[in-house]
Amino acid sequence: MLQNTGKLAGCTLFITGGSRGIGKAIALKAARDGANVIIAAKTAVPHPKLPGTIYTAAEEVEAAGGKALACVVDIRDEQQIGEAVQKAVEKFGGIDILVNNASAISLTGTLETPMKKVDLMLGINLRGTYLTSKLVIPHLLKSRSPHILNLSPPLNLNPVWFKNHTAYTMAKYGMSMCVLGMAEEFRGQIAVNALWPRTAIQTAAMDMLGGDGIGKQCRTADIMADAAYAILSRPKDYTGHFLVDEDILKEEGVQDFDQYAVQPGHPLLPDFFLDEEPENLVKKMEQHGATPAFKPPSSSSTTPPPGGPIESTFDVIRGAINEDVVKSTQGIYQFDLSGEHGGIWFLDLKSGSGCAGQGQPPAKADVVMTMDSSDFSKMFAGKLKPTLAFMSGKLRIKGDMTLAIKLEKLMSRMNKAKL
């Protein structure tokens, strides 16, 4: 781990979304220097699935040696941000550092993304970052070592990062464009930079989205905290950079990155937005048994030969379904498969004791899933988490998302059957 040097002692950090995950890790790293930290987030009461609130995070900051102020803030609300900024200035005398960490995500295509979700992502990622920066900057201009650090990616315009989740990419890149513009606007006055992880980071939210198996492919939030600490310790003329955690730490002399791995030695899941040639990265990752964060779909749509791997998968599916499964599911699924064993298959869990086979379903599908045939086999064998496949763009879903989630329980049965 990167050693604390005391450079942030007495500094005041305003961190959005700081109640858990990367935001909290950055807060605790600064607290070990004796920094003042404002935890500005929405979580005032415990979430049913995600641990931590602004108050528990504040307690941890103070236990680590810092001073804390917990503020309930929806960063889409100008009044709430303004009040939190004012409280911070009244308590600590000013603000030296702003960390724009709060973010919303929905990895869905244009037709599958409700405008409510689009507005949420643009409201938090883009507008929230811009608004919080706007209200904090007057105080940063009074600081001796002012910084803005946005947790956002380099502006990689490779279409692969747009095609499966255009709205999310636009919203996230909005945070990065704030860096591009504000770094130049306030050059010589405020350091404005972006930080992004090389690999997936294990957080409670990631565990919830990707399931129990995702953790071993991740690094801990400590790597982002260390990288943020290195950036925030630099002078204000260090500005306008789009930085990757691993790269900045190498500059600081860190050589052992296994110390940040959840499971040292295990292949890591690469994060979005970084690689120029995603197809080559897919091949390298799969050679080492990892699940890549993306995989371009094959254009093949030939009918699979009888007795192929998809037919074998459906043999096991037929053996696992019964009236109880149908009663608890009440959904019809259609699978549009591409690749070597491409074709259309269906799973009827809505009537009788259920049925499954090749071709169009007997009635209109409630859920249509599109993916490569090899990934389909892995998914039903328990080797690829459906949520992870969806997040990474390997799986496209149209229709009832609740029914799509229910299908994961059936996949668990497939795994127990040793597909």
Side-chain angles (χ1 to χ4, degrees), residues 105-114 117 160 163-166 168 209-211 213-214 282 291-304 308-318 320-321 325-326 328-351 354-415 417 419:
I105 182 171
S106 180
L107 298 175
T108 47
T110 301
L111 298 180
E112 293 76 47
T113 310
K117 281 287 181 73
V160 73
K163 66 176 185 177
N164 293 325
H165 39 75
T166 298
Y168 171 66
L209 289 169
I214 189 68
V282 167
T291 302
F294 51 81
K295 185 174 181 179
S298 167
S299 59
S300 172
S301 59
T302 57
T303 302
I310 306 303
E311 180 64 40
S312 299
T313 298
F314 272 86
D315 284 341
V316 180
I317 291 174
R318 294 184 192 101
I321 60 178
V325 173
V326 171
S328 63
T329 306
Q330 287 297 293
I332 297 177
Y333 302 85
Q334 178 177 318
F335 305 95
D336 293 350
L337 306 182
S338 59
E340 184 179 358
H341 302 285
I344 297 175
W345 298 75
F346 74 89
L347 174 58
D348 182 355
L349 297 178
K350 205 168 194 175
S351 57
C355 62
Q358 189 174 358
Q360 296 286 342
K364 184 179 179 182
D366 299 297
V367 182
V368 178
M369 297 184 170
T370 305
M371 67 190 310
D372 188 89
S373 56
S374 63
D375 291 327
F376 176 84
S377 297
K378 291 176 185 176
M379 193 168 72
F380 271 90
K383 297 177 181 177
L384 175 61
K385 288 281 184 181
T387 309
L388 181 58
F390 175 68
M391 287 174 58
S392 63
K394 288 184 170 189
L395 169 63
R396 303 290 301 276
I397 299 175
K398 292 183 180 180
D400 191 325
M401 291 298 294
T402 303
L403 286 174
I405 293 169
K406 280 187 177 182
L407 189 61
E408 189 161 0
K409 294 181 180 179
L410 180 61
M411 293 178 190
S412 179
R413 292 188 179 210
M414 302 298 97
N415 195 25
L419 185 68

* Might you work through the side-chain contact (heavy atoms from CB on, under 4.5 Å) test for Ile344 and Leu337, ending with a clear yes or no? => CA-CA 6 Å; Ile344 297 175; Leu337 306 182; over 6 Å; no
* What's the verdict on side-chain contact (heavy atoms from CB on, under 4.5 Å) for Asp336 and Val368, showing C-alpha distance, side-chain angles and the deciding distance? -> CA-CA 7 Å; Asp336 293 350; Val368 178; 3.7 Å; yes
* To do: Mind running side-chain contact (heavy atoms from CB on, under 4.5 Å) on Ile317 and Leu347 for me, showing each step along the way?
  => CA-CA 9 Å; Ile317 291 174; Leu347 174 58; 3.7 Å; yes
* Evaluate the side-chain contact (heavy atoms from CB on, under 4.5 Å) criterion for residues Met369 and Gln334: first the C-alpha distance (whole Å), next the side-chain angles of each, then the deciding distance (0.1 Å), finally the verdict. => CA-CA 6 Å; Met369 297 184 170; Gln334 178 177 318; over 6 Å; no
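For Ser377 against Ile310, the heavy-atom pair with the smallest separation is OG-CD1, 3.6 Å. Scanning all heavy atoms of the two residues, the minimum distance from Ser374 to Asp372 falls at OG-OD2, 2.5 Å. Here the closest heavy-atom approach between residue Arg318 and residue Ala356 is recorded as NE-O, 3.0 Å. Taking all atoms of both residues into account, the shortest heavy-atom contact from Ile332 to Ala363 is CD1-CB, 3.8 Å. Across every non-hydrogen atom of Ser373 and Gly339, the tightest pair is OG-C, 4.0 Å.
Partners of Phe376 according to the ring-ring contact (aromatic ring centres under 6.0 Å, His included) rule, which considers only residues two or more places apart in sequence or in another chain, are Phe314, Phe335, Phe380. Annotation: side-chain hydrogen bond (donor to acceptor under 3.5 Å, both in side chains) contacts of Ser106 (sequence neighbours excluded): Thr108. Listed by chain and residue number, Gln330, Leu349 satisfy the side chain to side chain contact (heavy atoms under 4.5 Å, CB included) test with Val326 (two or more places apart in sequence, or in another chain). Considering only residues two or more places apart in sequence or on other chains, Lys398 meets the salt bridge (charged side-chain N to carboxylate O under 4.0 Å, His left out) condition with none of them. Judged as a salt bridge (charged side-chain N to carboxylate O under 4.0 Å, His left out), and not counting sequence neighbours, Asp348 has no contacts.
One finds no salt bridge joining Glu112 and Lys117 here, because no Lys/Arg side-chain nitrogen approaches an Asp/Glu carboxylate oxygen to under 4.0 Å. The pair Asp366-Lys350 counts as a salt bridge, with a side-chain nitrogen and a carboxylate oxygen less than 4.0 angstrom apart.
Taking 4.5 Å as the limit, every side-chain heavy atom of Trp345 sits out of range of all side-chain heavy atoms of Pro361.
Atom NZ of Lys394 is separated from atom CG of Asn164 by 12.0 Å, given to the nearest 0.5 angstrom. Distance OG1/Thr370 to CG/Asp375: 12.5 Å, rounded to 0.5 Å.
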